[in-house]
Amino acid sequence: MEPLYKPEGVEARWQRTWEDEGLYRAEPDDPRPTFVICVPPPNVTGVLHMGHALNGTSQDVLIRYHRMRGYNALWQPGYDHASIALQNVIVGLLAEEGIDRLDIGREAFVERCWEFIRQYGPHIIGQFRSLGASLDYRRNRFTLDDEYTKAVMRFFVHLANKGYVYRGSRIVNWCPGCASVISDLEVNHIEVDDALSYVRYPFADGDGSITIATVRPATILADVAVAVHPEDERYRDAIGREVIVPFVERRVPVIVDERVERGFGTGALKITPGHDPTDWEIGQDHHLLEPMVVGLDGRMNAEAGELAGLTQAEADERVLAWLKEHDQLEKRESYRHAVGHCDRSGDRVEPLVMLQWWVDMTELVKPAIAVLRDGRVRCTPEQQTKVMLSYLENIRPWCISRQLWWGHRIPVWYCADGHTTIAETAPYSCAECGSPALHQDEDVLDTWFSSALWPFATLGWPEQTPELARFYPGDVCSTGRDINFLWVSRMIWAGLELMGDIPFSAVNYHSMIMAPDGRRMSKSLGTGIDPTELIDEYSADATRYGLLKMSSTQDVRFSVGMIEEGRKLANKLWNVARLMLAQSQGVTPEARPQSVEERWILSRLDVTRELLEESIPTFGFAAAVTSLYHLTFDDFCDWYAEAVKPRLYDGDDDARATALAALERLLTLLHPVMPHVTEEIWSQFHDSRLIVSPWPEPYARDDDATRTLEHVRDAGTVFRRSATLPAKLSDDERRIFDAVVKPERQKSNGNAEAERERLRNEIARAEQMLGNERFVSKAPPEVVEAERAKLERYRRELETIGD
RNA sequence: GGGCGGUUAGCUCAGCUGGGAGAGCACCUGCCUUACACGCAGGGGGUCGCAGGUUCGAACCCUGCACCGCCCACCA
C-alpha cells in the first residue's frame with residue numbers, strides 16, 4: 001500500500017466488480033423488507049450536471065445504507081424521452097446541417113431522435129456508474145419503450161373514460177419558437193419594459209368616450225367588449241352602452257365584471273378573449289366571440305385585414321399612428337410588467353384560443369391533497385408541503401397535447417365524419433359509425449404525462465408483474481424543487497388514481513448548488529461545473545463527500561474546498577489502515593478492548609453509528625459526513641491510533657485484533673458515503689464484500705473511558721500551556737498522555753499567563769451568574785448545576801497551572 | 001402582487017426545542033516524530049444585517065426595517 005491513496009483505477013474496478021457480482025440487484029422473490037427509491041429520470045439531452053450528481057449521491061447513500069441494514073433495496077435507473085427538449089435539440093442539430101424538419105418529415109425526424117437516444121442514452125447512465133451509484137442497471141427503463149408506452153396509453157384512456165380528459169377550445173400558451181402549446185408550468189414570467197397606451201373608445205351614440213389602457217395596441221383589432229367593475233361609480237352611466245373600437249370601428253358593448261381592477265389604468269378594460277387569459281375567462285362568462293388577429297407565427301394574421309403579415313410591433317405602430325391621427329391616443333407611459341416566456345425556447349408566449357386536449361384536475365388531485373395533509377407523504381424540508389398544497393388547491397386544467405413529433409402520440413382517432421375514437425391501440429374502425437377510414441391525432445403528449453407514471457410503469461404496470469407487487473409503493477423520492485409541480489405532485493395523484501396507493505412516503509428536496517459567484521449554474525451562463533471533471537480530478541468518493549457536505553436544506557454556493565476535504569478524508573483513512581494492517585498481518589479482527597483508549601474508540605464509533613442512523617434516513621447528509629470526518633480525523637487517528645500505536649509495535653495481539661475490529665467498524669460507517677476506498681481497504685483483510693456487509697450492531701457505550709480520555713485531553717491542554725505536568729494522572733492516563741500529548745511540546749509554554757487570565761475571567765463570569773438570585777431561582781436546576789461544575793473546574797485548572 | 005428562504009470569521013457554511021460563538025479552507029508559529037506534509041501540534045481572527053421588544057439570560061423567540069435569492073401569479 002502506497003502512502004498516498006491513488007483512486008485512479010480503484011473506483012472503476014470496484015464499480016465493475018460490484019455490478020458483475022450482482023450486488024446492485026434487487027429481486028422480487030427476496031423476502032427481506034423492501035426499500036425503494038424513485039429516481040428522477042434524467043433527460044437524454046444533457047450530460048450529468050451538478051444537480052444529478054448531488055441527487056444521485058444522496059440517493060446512493062440511502063440505498064447503500066439500507067442495503068447494509070438488510071433491506072431488499074431497489075434503485076432503478078432510466079431516462080426520459082424529454083419530448084419538447086429533445087425535439088428542440090434535434091431541430092437545432094438539423095439546422096446546423098441546413099435542414100428543416102418539415103423537409104424530412106415526421107418519420108425521418110423521429111428516427112433522428114432515436115439515433116440520438118441510442119448514442120447518448122448509455123452515456124448519461126455511464127456517468128451515474130462513474131459516481132459509484134449502485135443502481136440496478138439491468139432494470140433500465142425508457143419512457144418511450146414499448147412496455148412503458150402501453151402504460152401511457154392506458155393512463156390516457158383511463159382518464160378519458162372517467163371524463164377527466166377532454167378536447168376543448170380554451171386559451172393556451174402558444175410558443176412560436178417551439179411551434180407548440182405548452183402548459184402553464186412551462187411558462188416563466190419575466191419582467192419586461194413595455195409602454196402602456198391610454199386609448200379613447202368613443203361611445204356609439206356620439207356622446208363622449210371611455211378610455212382604456214393596453215400594452216398591446218394591435219390586439220385592439222380583436223376587441224369584443226369593454227369591461228368595468230360593477231361598483232365603479234365613474235362608469236355607472238356607461239354600462240350597457242356601446243363603444244366603437246378604434247381602427248376597425250366595430251361597435252362593442254360595455255359590460256361589467258368583478259375581475260376588472262378599478263385601481264389599474266383607468267379602471268376600464270378592453271376585452272380581447274382571443275389573446276388574453278383574463279379576457280378569455282370574462283368572455284366565457286359573457287358568451288363573447290373569440291376573434292384572433294395574431295397567428296401561430298406571432299405575426300398578424302388574415303383577420304387583421306390591412307395589417308396582415310406585419311409583426312406585432314409593426315402593427316402596434318400602425319394602430320398607434322391611426323389613434324394619433326384620430327386624436328384617440330390620450331397618452332403613453334413606460335410600464336414594467338411580467339410577461340410569459342417559454343421555459344424551453346425563451347420565446348415570448350402568445351396567448352391564443354385553440355382546440356387542445358386537457359385534463360380536468362380538480363377531482364384528481366383531491367386524494368393527493370389528503371395524503372399531504374395527513375402526513376402519509378412527507379416533504380423535507382417540510383415547508384414544501386405547504387407549497388405543494390397551495391399549488392394543488394388552486395390547480396387549473398392541464399393542457400397535455402403538444403404540436404410536436406417526438407413523444408407519445410395521442411391515442412385518439414378521427415373518422416371522416418369527425419367522430420372520435422379513443423383506444424389504447426390503433427382501432428380498426430370508428431367506434432361510432434364503424435368507418436374504417438381513420439386518422440390518428442397528430443399531436444403528442446406532454447412529456448410529464450408519462451413521467452407521472454414513473455414509480456409504477458417502471459415496475460411493469462399495467463401488467464401485474466412480481467416487481468409491481470413487491471416494490472410498490474416505494475419509499476423515497478429525491479429531487480430538486482424545480483420539478484416539484486411538474487413531476488412530484490403528478491406522481492402522487494397518478495399513483496393514488498391508478499394504483500390506489502401513494503408512490504412513496506417521503507420526498508426529499510435537495511439543495512440547489514449555485515456557481516461560486518452565487519449565480520445559477522448553467523451552461524449558457526458559462527457558470528456550470530462538470531461533476532465528471534471533479535470525479536476525474538478528485539475521485540468519486542471525494543466528490544460524493546463534497547456534494548453531501550454541500551447538501552444543506554438551503555441553496556449553497558459550490559466550493560471546491562468541500563471536495564478537497566473528501567479527498568483528504570480518503571487519504572487519511574487509507575493511511576491509518578496502512579498502519580494497522582501492516583502491524584496486524586495474520587490477525588483476525590476481534591474487539592478485545594484491554595485499555596481505556598480501545599474502550600473509548602469503540603464507544604465513539606457507536607455514538608457515530610447512532611448519529612448516522614438518525615441523520616441518513618432523514619436526509620441530513622451534511623451532518624452525517626461532518627460527523628464521519630471528525631470521527632476519522634480527531635477520534636480515530638489523532639487519539640486512538642496515536643495512543644494504541646506503541647502497543648501495536650510491541651506485538652500486543654489484543655491491541656492488533658481490536659484495531660482491526662475498530663477499523664472494520666469505521667469502514668462500515670463510511671461505506672455509504674465513500675464506497676470505493678472503504679471497499680478497497682476492506683479487501684486487504686477480507687474475502688467478503690463490504691457493500692453487502694451488515695451495518696454494525698449497537699455497542700455498549702463506555703462512559704468511564706470517555707471521562708478518562710477527556711481528562712487526559714484537559715490535562716494535555718493545561719500541560720501545554722503551563723509547562724507543568726499535572727500530578728494526579730492514573731497509569732492509563734499517563735500512558736495515553738505519553739503516547740499522544742508528547743512531552744517534548746513542553747517548550748510551547750508562552751501562553752501560561754494568558755491562560756491564567758482567561759481562567760480568571762471565566763471564574764468571574766461564573767461567580768457573577770451564580771450570585772444572581774434570579775438566575776439561581778428561575779433557571780433550570782441542571783443549568784445552574786452545570787455552571788457550578790464549570791466554576792469548580794476552572795478553579796481546579798487555575799490551581800494546576802500554578803504560578 | 002402572493003408565498004418561502006437567507007444575512008454568523010477573509011471565503012464556503014454548521015449552530016436541534018433560548019444557558020460557555022463553531023467547522024473546513026485561507027492566514028501565522030513550530031515540527032519531514034518509522035500510517036499520512038492530501039500530515040501533526042498550536043495560534044490569531046466574529047457588535048451573529050440594522051432597530052426595538054420579551055426573558056434572570058437572545059445568533060436562536062416577537063415586531064419593524066434594509067439588502068440578497070427562489071417559487072407562484074390572468075392588474076390589462
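Values reported hereafter were calculated over all heavy atoms of this structure, with side chains retained and with hydrogens, waters and symmetry mates removed. Chain letters run A, B, ... following the sequence lines, proteins first and then strands; every chain starts at 1.
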Participant: Which part of the nucleic acid, if any, lies within contact of A:Phe485, taking any heavy atom under 4.0 Å across all strands shown: a base, the sugar-phosphate backbone alone, or nothing?
Facilitator: sugar-phosphate

Participant: Test side chain to side chain donor-acceptor pair (under 3.5 Å) on A:His676 and A:Asp541; report intermediate values, then the result.
Facilitator: CA-CA 7 Å; A:His676 308 91; A:Asp541 284 337; 2.8 Å; yes

Participant: B:G3, OP1 or OP2 - any side-chain N/O from A:Lys386 closer than 4.0 Å?
Facilitator: no

Participant: Using a 4.0 Å heavy-atom cut-off across all strands, classify A:Val215 as base, sugar-phosphate, or nothing.
Facilitator: sugar-phosphate

Participant: Checking contacts here: which listed nucleotide (B:A35, B:C71, B:C38) is nearest the side-chain heavy atoms of A:Arg520?
Facilitator: B:C71

Participant: Between the side chains of A:Arg216 and A:Asp316, is the shortest nitrogen-to-carboxylate-oxygen separation below 4.0 Å, so that they form an ion pair?
Facilitator: no

Participant: Would you mind pulling out the nucleotide paired to B:A35, Watson-Crick or G-U wobble, both distances under 3.5 Å?
Facilitator: none

Participant: Between B:A41 and A:Glu642, counting only base atoms on the nucleotide and side-chain atoms on the residue, is there a donor-acceptor pair under 3.5 Å?
Facilitator: no

Participant: Check the angle between the aromatic planes of A:Phe485 and A:Tyr391 and answer parallel, tilted or perpendicular using the 30° and 60° thresholds.
Facilitator: parallel

Participant: Give a yes/no on whether any side-chain N or O of A:His189 is located under 4.0 angstrom from OP1 or OP2 of B:C74.
Facilitator: yes

Participant: In terms of ring plane angle, is the pair A:Phe633 and A:Tyr629 parallel, tilted or perpendicular, where the classes change at 30° and 60°?
Facilitator: parallel

Participant: Looking only at side-chain N and O atoms, does A:Lys572 come under 4.0 Å of OP1 or OP2 in B:C40?
Facilitator: yes

Participant: Between B:C74, B:A76, B:C70, which one does the side chain of A:Tyr335 approach most closely?
Facilitator: B:A76

Participant: Looking at the side chain of A:Thr278, which of B:C36, B:G19, B:C74 is the nearest nucleotide?
Facilitator: B:C74

Participant: Honestly, is A:Arg490 close enough over A:Trp398, meaning NZ or CZ under 6.0 Å from the six-membered ring centre and within 45° of the axis?
Facilitator: yes

Participant: Between atom CZ in A:Arg259 and atom P in B:G1, what is the gap in whole Å?
Facilitator: 23 Å

Participant: From the options B:C4, B:A35, B:C13, select the nucleotide whose nearest atom is closest to the side chain of A:Gln383.
Facilitator: B:C4

Participant: Distance check, P atoms only: B:C27 and B:C11, in whole angstrom units.
Facilitator: 15 Å

Participant: Nearest whole Å is fine: how far is B:C11 C1' from A:Met550 CE?
Facilitator: 13 Å

Participant: Name the closest nucleotide to the A:Phe775 side chain, picking from B:A73, B:C40, B:C56.
Facilitator: B:C56

Participant: Out of B:A35, B:C75, B:C74, which has the shortest distance to the side chain of A:Glu281?
Facilitator: B:C74

Participant: When the nearest nucleotide of RNA chain B is assigned to A:Lys778 and to A:Leu269 on a heavy-atom basis, which residue is associated with the more 5' position?
Facilitator: A:Lys778

Participant: What's the CD1-C1' distance between A:Ile255 and B:A76, to the nearest Å?
Facilitator: 14 Å

Participant: Calculate the interatomic distance between A:Arg713 atom CZ and B:G42 atom C1'; express it in whole Å.
Facilitator: 15 Å

Participant: When you measure from the side chain of A:Asp650 to the backbone N and O of A:Asp652, does any donor-acceptor pair fall under 3.5 Å?
Facilitator: no

Participant: Mind checking who B:G45 pairs with, Watson-Crick or G-U wobble, both distances under 3.5 Å?
Facilitator: none

Participant: Nearest of B:C4, B:A73, B:U34 to any side-chain atom of A:Arg396?
Facilitator: B:A73

Participant: Take a 6.0 Å sphere around CD of A:Glu382 and say whether it holds more than 12 heavy atoms from other residues, nucleotides or ligands.
Facilitator: no

Participant: Take atom P in B:C70 and the same atom in B:G43, then report the distance between them in whole Å.
Facilitator: 42 Å

Participant: When the C1' atoms of B:A21 and B:A58 are compared, how many Å lie between them, rounded to an integer?
Facilitator: 13 Å

Participant: Take atom P in B:G15 and the same atom in B:A9, then report the distance between them in whole Å.
Facilitator: 15 Å

Participant: Across all strands shown, which nucleotide pairs with B:G5 by Watson-Crick or G-U wobble geometry, both distances under 3.5 Å?
Facilitator: B:C68

Participant: I'd like to know if A:Asp638 and A:Arg713 make a salt bridge, using a cut-off of under 4.0 Å between side-chain N and carboxylate O.
Facilitator: no

Participant: Side chain of A:Pro3: nearest nucleotide among B:A35, B:G19, B:C36?
Facilitator: B:C36

Participant: Can you tell which of B:C74, B:A35, B:C36 lies closest to the side chain of A:Leu579?
Facilitator: B:A35

Participant: Pair A:Asp223, A:Thr272 - check side chain to side chain donor-acceptor pair (under 3.5 Å), show working.
Facilitator: CA-CA 5 Å; A:Asp223 283 357; A:Thr272 321; 2.7 Å; yes

Participant: Can you tell me the distance, in whole Å, between the CD atom of A:Glu333 and the C1' atom of B:C75?
Facilitator: 13 Å

Participant: Can you tell me, in whole Å, how much space there is between the P of B:G53 and that of B:C60?
Facilitator: 14 Å

Participant: Applying the Watson-Crick and G-U wobble criteria at under 3.5 Å, what pairs with B:C25? Answer none if nothing qualifies.
Facilitator: B:G10

Participant: Say we look at B:U55 and B:U8: how far apart would their P atoms be, to the nearest angstrom?
Facilitator: 29 Å

Participant: Would you mind telling me which of B:U12, B:C56, B:C40 lies closest to the side-chain atoms of A:Ala779?
Facilitator: B:C56

Participant: Each nucleotide N or O in nucleotides 23-27 of chain B that has a protein N or O under 3.5 Å away: list the pair and distance.
Facilitator:
| residue | atom | partner | partner atom | Å |
| --- | --- | --- | --- | --- |
| B:G24 | O2' | A:Glu565 | OE1 | 2.8 |
| B:C25 | OP1 | A:Lys568 | NZ | 2.1 |

Participant: Relative to the 5' end of RNA chain B, which residue comes earlier, A:Arg774 or A:Phe633, by the nucleotide with the nearest heavy atom?
Facilitator: A:Phe633

Participant: Check whether any side-chain nitrogen or oxygen of A:Arg557 sits under 4.0 Å from OP1 or OP2 of B:U12, and answer yes or no.
Facilitator: yes

Participant: Using a 4.0 Å heavy-atom cut-off across all strands, classify A:Asp638 as base, sugar-phosphate, or nothing.
Facilitator: sugar-phosphate

Participant: Can you measure A:Asp555 atom CG to B:C4 atom C1' for me and round it to whole angstrom units?
Facilitator: 11 Å

Participant: Please report, rounded to the nearest Å, how far the C1' atom of B:C75 is from the NE2 atom of A:His337.
Facilitator: 11 Å

Participant: Mind checking if A:Val783 touches a base, just sugar-phosphate, or nothing, with heavy atoms under 4.0 Å?
Facilitator: base

Participant: Kindly indicate, with the supporting measurements, whether the criterion ring pair (Phe, Tyr, Trp, His ring centres under 6.0 Å) is fulfilled by A:Tyr538 and A:Tyr5.
Facilitator: CA-CA 11 Å; A:Tyr538 295 97; A:Tyr5 171 58; over 10 Å; no

Participant: With P as the reference atom in both, quote the distance from B:G45 to B:A23 in angstrom, rounded to an integer.
Facilitator: 14 Å

Participant: Please report the distance separating the P of B:G3 from the corresponding atom of B:G57, rounded so that it comes out in whole Å.
Facilitator: 34 Å

Participant: Please determine whether side chain to side chain donor-acceptor pair (under 3.5 Å) holds for the pair A:Glu290 and A:Trp280, giving the CA-CA distance in whole Å, both sets of side-chain angles, and the decisive distance to 0.1 Å.
Facilitator: CA-CA 8 Å; A:Glu290 300 162 355; A:Trp280 183 81; 3.2 Å; yes

Participant: Using atom CG of A:Leu4 as one end and atom C1' of B:C36 as the other, report the distance to the nearest whole Å.
Facilitator: 9 Å

